[in-house]
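Have a look at the structure below before the remarks.
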Amino acid sequence: MPETDRAFLGVEGLDQILTEGLSFGSQIMVQGDTGVGKTVLAGDFIKEGLHCGDTCIYIACDEPPEAMRQHLLSFNVGTRAYEKAGRLILVDAYEEEQSTEKYCISDLSNLEKFFYLEKQILNDYKNKKVRLVVDSLSTLLTTAPAEDILEFHRSRLKYLRKNNILTMDIFVHGVLDDKIMTISSHLYNVILKMNFGGSPAHPVRMIQIGKVRSQRFVAAQYMFNISPTFGIIVANDMEVGI
Amino acid sequence: MIEDAFARRALNYLYISISETVPKLPFSGRHWLTEVSKGTALRILNEHASKELFQSKEPLEICRAYIKLLEDIGFISSSKDYPIEKLGSDTLKITLKRTNCIYREYCIEAEEKGLFFKCPRMTSLQAVLEWSLGKKYDSTVDIDREQGICVGKLFPQKKELDEIVTRKDHILKIAGRRALLLPKITYSFILEAIKNYAPHILKHVLYEAGYNSAIPIAEKAKNMYPDPLEYLTILFEELKNAGLGEVILQSLDTSTCEAVIWCKDSFQIPTEEYETNLYRTPRVICDLLRGTFAAYLSVYFQKDIICEEMHCQSVSGEHCEFVSFPLDKENGPGGKSFDSTRKYPRSFNQNRDTGFFSS
């Protein structure tokens with residue numbers, strides 16, 4: 001087995017494309033249509049981390065954390081053992097004051113407060129290999145002014161990079177202004193775009209993985225499916241366009 | 001014969017040697033040790049016993065007749081050393097001073113070295129009762145070390161005792177189903193083929209293969225061993241005998257159905273290290289054992305148990321660690337760390353603490 005500190009997404013087809021993997025401190029932006037499979041991807045990413053001995057923090061903004069527990073269970077991953085061992089931290093940023101979770105974040109309209117609480121949680125897991133997923137970050141940013149969003153991104157991503165946090169931020173397509181999304185995307189190491197393609201009668205799921213270079217997002221596009229047992233299955237030998 | 005110190009010592013050496021050898025054999029078990037003792041008793045009966053001696057249908061009389069026979073042929077010095085009495089309607093009690101027992105060297109050394117042990121005297125009486133009455137008997141021995149007294153009990157066998165792994169002629173069976181002994185490289189190539197054609201299913205295949213194949217074995221063991229500790233110890237011993245790894249139960253909470261299990265030298269580790277490079281990064285890899293343990297506990301507790309491998313020897317450390325929970329507890333956030341609740345970890349050489357010696 002290779003001795004490496006590199007990390008992978010946990011989706012075989014994508015990991016074959018990311019031949020070198022990612023280093024801790026990298027940041028992944030996942031953009032996608034509603035219902036395309038962003039949370040499934042987050043589950044794959046967490047499952048991969050749990051199996052590799054990483055500490056995984058999942059901040060649930062669009063659904064209660066229980067949805068992720070059930071989702072991981074469908075992959076044959078019992079979360080309770082990892083939660084008890086402090087290897088999986090599910091943060092409820094959905095139910096806010098009504099949350100019964102051990103970790104919760106309320107007042108989501110206040111970005112500074114969110115960043116402060118996020119740092120507090122991360123502070124408990126210093127010197128560990130941490131994977132952080134925010135699902136979805138766009139929910140937090142919906143009402144914030146553009147300047148605040150960009151400042152939040154800059155300071156937060158800088159902090160996460162400095163602390164070697166492998167981060168996956170999820171953005172729902174259409175929630176934020178295109179211009180903000182474009183500027184923000186330059187701050188991430190890897191961008192994953194997930195959308196529905198094909199025809200209205202025969203929609204297919206498409207995924208692109210790449211980096212922003214020379215102001216342009218360049219990546220091959222692949223079809224993918226979602227299996228309730230195996231998660232995202234990318235047909236990486238069926239490239240459909242560049 | 002009892003006067004012959006050399007013969008007595010040789011007999012004890014023979015039993016010690018058998019007990020030392022049996023665990024070294026693949027698919028071995030303590031049942032065969034009982035069979036050896038029974039076979040010896042049956043040969044003595046065939047050679048020396050006239051049927052008139054054993055006409056009674058009373059277990060007490062049959063046992064007394066056998067002890068008298070041993071005295072008559074000079075195998076023991078006095079049948080009075082073996083007082084037998086009835087204990088309830090179908091249980092017999094035999095009391096013996098340890099100093100009078102011709103098997104004491106074997107008994108003491110087996111205890112000291114943690115060897116398989118089954119009292120040859122008691123098993124020979126089991127054999128005699130089975131021979132005379134056509135009915136299976138079982139036995140236990142309690143040893144009072146301070147007083148130097150053994151108290152044996154004989155009683156009708158409630159359940160058929162057997163090994164989980166058996167072989168008849170060229171057919172090997174595990175829990176009554178045909179089993180195969182394959183070189184590890186065959187297993188490795190199966191995994192490699194799965195990895196090449198459908199890598200995303202690999203972990204699921206291993207987990208479910210472990211789970212589903214362990215169910216019939218677990219069901220058989222549950223019928224044989226109703227006590228949870230004994231049940232798991234037997235199953236873990238079978239895994240060890242089959243070469244899958246040395247498994248130790250670290251903690252078991254029967255009220256919450258939660259368990260922590262360690263496995264040293266899981267068979268999966270060298271498969272991964274030397275042959276297939278199944279994964280890109282270091283990770284937990286013993287999914288087949290994970291499924292196996294989940295099945296063992298699911299069968300025992302009669303509810304769905306899920307098992308996670310929290311540490312793997314393939315990454316670091318001297319063993320893999322598995323933690324299991326009932327699925328109905330999966331709903332709800334986690335609580336305290338496991339490390340604060342684990343009280344009495346056992347090491348890999350403390351199998352004996354599980355109480356099997358008192359058989």
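Protein chains get the first letters and strands the later ones, always in sequence-line order, with residue 1 at the start of each.
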Report which part of [X] has an atom under 4.5 Å of a heavy atom belonging to chain B: side chain, backbone, both, or neither.
{"X": "A/Ser227", "result": "neither"}
{"X": "A/Asp54", "result": "neither"}
{"X": "A/Leu90", "result": "neither"}

With sequence neighbours excluded, give me every ring-ring contact (aromatic ring centres under 6.0 Å, His included) pair touching residues 73-106 of chain A.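 Matches after skipping sequence neighbours: A/His71-A/Phe75.
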
Mark yes when over 12 heavy atoms from residues, nucleotides or ligands other than A/Asn127 sit less than 6.0 Å from its CG; otherwise mark no. no

Is it true that atom OH of A/Tyr159 has more than 12 heavy atoms of other residues, nucleotides or ligands lying nearer than 6.0 Å?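 Yes, because the 6.0 Å sphere around OH of A/Tyr159 holds more than 12 heavy atoms from other groups.
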
Only heavy atoms, only distances under 4.5 angstrom. Which residues in residues 200-210 of chain B are near chain A?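 Within residues 200-210 of chain B, the residues under 4.5 Å from chain A are B/His200, B/Ile201, B/Lys203, B/His204, B/Tyr207, B/Glu208.
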
Point-to-point distance, once rounded to the nearest 0.5 Å, from [atom1] of [X] to [atom2] of [Y]:
{"X": "B/Tyr279", "Y": "A/Asp15", "atom1": "OH", "atom2": "CG", "answer": "13.0 Å"}
{"X": "B/Phe325", "Y": "A/Lys84", "atom1": "CZ", "atom2": "NZ", "answer": "4.5 Å"}
{"X": "A/Leu73", "Y": "B/Ile306", "atom1": "CG", "atom2": "CD1", "answer": "5.0 Å"}
{"X": "A/Arg87", "Y": "B/Glu308", "atom1": "CZ", "atom2": "CD", "answer": "9.5 Å"}

Residues forming a side chain to side chain contact (heavy atoms under 4.5 Å, CB included) with A/Leu117, sequence neighbours excluded: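 A/Leu117 satisfies side chain to side chain contact (heavy atoms under 4.5 Å, CB included) with A/Ile105, A/Lys113 once adjacent residues are dropped.
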
Distance-minimising heavy-atom pair for A/Ala81 and B/Met310: O-CE, 3.4 Å

Non-hydrogen atoms of A/Glu12 and B/Pro199 that approach each other most closely: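 Distance-wise, the nearest heavy atoms are CG-CG, 3.2 Å.
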
Using heavy atoms and a sub-4.5 Å threshold, report which of residues 40-48 of chain A line up against chain B, by residue number.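 From residues 40-48 of chain A, the residues near chain B are A/Lys47, A/Glu48.
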
